[in-house]
Amino acid sequence: KTKAFIFDLDGVIVDTAKFHFQAWKRLANGLGIDFDHEQNEQLKGVSRVNSLKKILEWGNTSVSEEEFIQLMDKKNEDYLTYVDAMDESEILPQVKEKLQLLKDNNIPIALGSASKNARRILDKINLTPFFDEIVDGTNVTKAKPDPEVFLVGAEKLGADPKDCVVFEDSIAGIQAANNAQMTSIGIGEQAVLHEADHTFQDFTEISDEFLIKLARI
Ligand code: B16
Ligand code: MG
């Protein structure tokens with residue numbers, strides 16, 4: 001028996017933050033609201049609904065419930081034009097190699113993402129077959145830092161939460177993993193993700209030996 005590994009999608013497997021940025025910026029600017037990279041950072045790991053709420057707050061703007069839904073749909077439609085142009089070249093360095101290593105060692109793998117577009121993205125980049133289970137924004141109601149997404153992943157894999165390792169790029173995601181009593185691995189800046197058990201800039205910094213050791217119970 002080994003530990004089970006759970007991967008976040010956006011920011012860990014692919015860099016879709018740049019597409020979210022373009023789509024949110026266009027939407028915000030259309031409403032007369034400024035939107036910069038720093039604000040985009042704050043939307044990492046945050047659900048679509050809560051992202052729009054934040055943008056409207058930043059712009060001191062309020063809209064009707066109907067318009068809110070229209071705006072979300074518009075943003076997503078725009079975002080999906082970028083997603084649909086994605087291919088395997090969008091997979092971040094060493095991610096596919098590490099997934100293959102885990103597969104070769106019979107280590108269970110799940111996806112744990114806030115995105116409702118997760119399956120579509122995995123299909124575009126041809127990584128779907130690597131995942132034993134997929135938990136995404138269509139399966140959960142409570143947003144990170146709530147541990148729900150990772151706890152459902154553990155349950156689906158038949159793993160004890162304490163025997164799960166989570167890879168995350170967002171602060172909320174690291175907190176979600178910690179709240180689930182899982183081992184948290186931050187992908188990004190150590191200064192930002194200091195609550196993680198371990199942090200790496202990206203997967204090129206993680207050795208095969210480290211991963212295999214991590215998988216031992
Ligand atoms: P969607 P993750 C998150 O994905 C993104 O980091 C976040 O920026 C986005 O708003 C959220 O998914 C919802 O995405 O609009 O596609 O449903 O990092 O949890 O994989
Ligand atoms: Mg993420």
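Remember, predicted model here, so these are calculated numbers, not experimental data. Counting convention: from 1, in listed order, for ligands and their atoms alike.
For the atom pair CD1 of I33 and CD of E57, the computed distance is 10.5 Å after rounding to the nearest 0.5 Å.
Contact between P108 and T2 at its shortest, heavy atoms only, is CD-OG1, 3.6 Å. In plain terms, the two heavy atoms of L102 and L211 that are nearest each other are CD2-CD1, 4.4 Å. Of all heavy-atom pairs spanning D202 and I187, the tightest one is CA-CG2, 4.1 Å. When all heavy atoms of L193 and E168 are compared, the closest pair comes out as CD1-O, 4.2 Å.
Contact check on K96 versus E88 returns a salt bridge, with a Lys/Arg side-chain nitrogen under 4.0 Å from an Asp/Glu carboxylate oxygen.
Side chain of D132 to backbone of I109: a donor-acceptor contact under 3.5 angstrom is found. Judged by distance alone, with hydrogens and angles left aside, the side-chain atoms of N179 form a donor-acceptor pair with the main-chain N or O of P145 at under 3.5 Å.
Within 4.0 Å of ligand 1, counting heavy atoms only, the contacting residues are D8, L9, D10, H20, L43, K44, G45, V46, R48, S51, Y79, S113, A114, S115, K116, N117, K144.
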Using side chain to side chain contact (heavy atoms under 4.5 Å, CB included), reason through D15 and E90 one step at a time and then give a plain yes or no. CA-CA 7 Å; D15 176 23; E90 295 280 345; 5.8 Å; no
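Of all protein N/O/S atoms, those lying under 2.8 Å from the Mg ion (ligand 2) come to 3.
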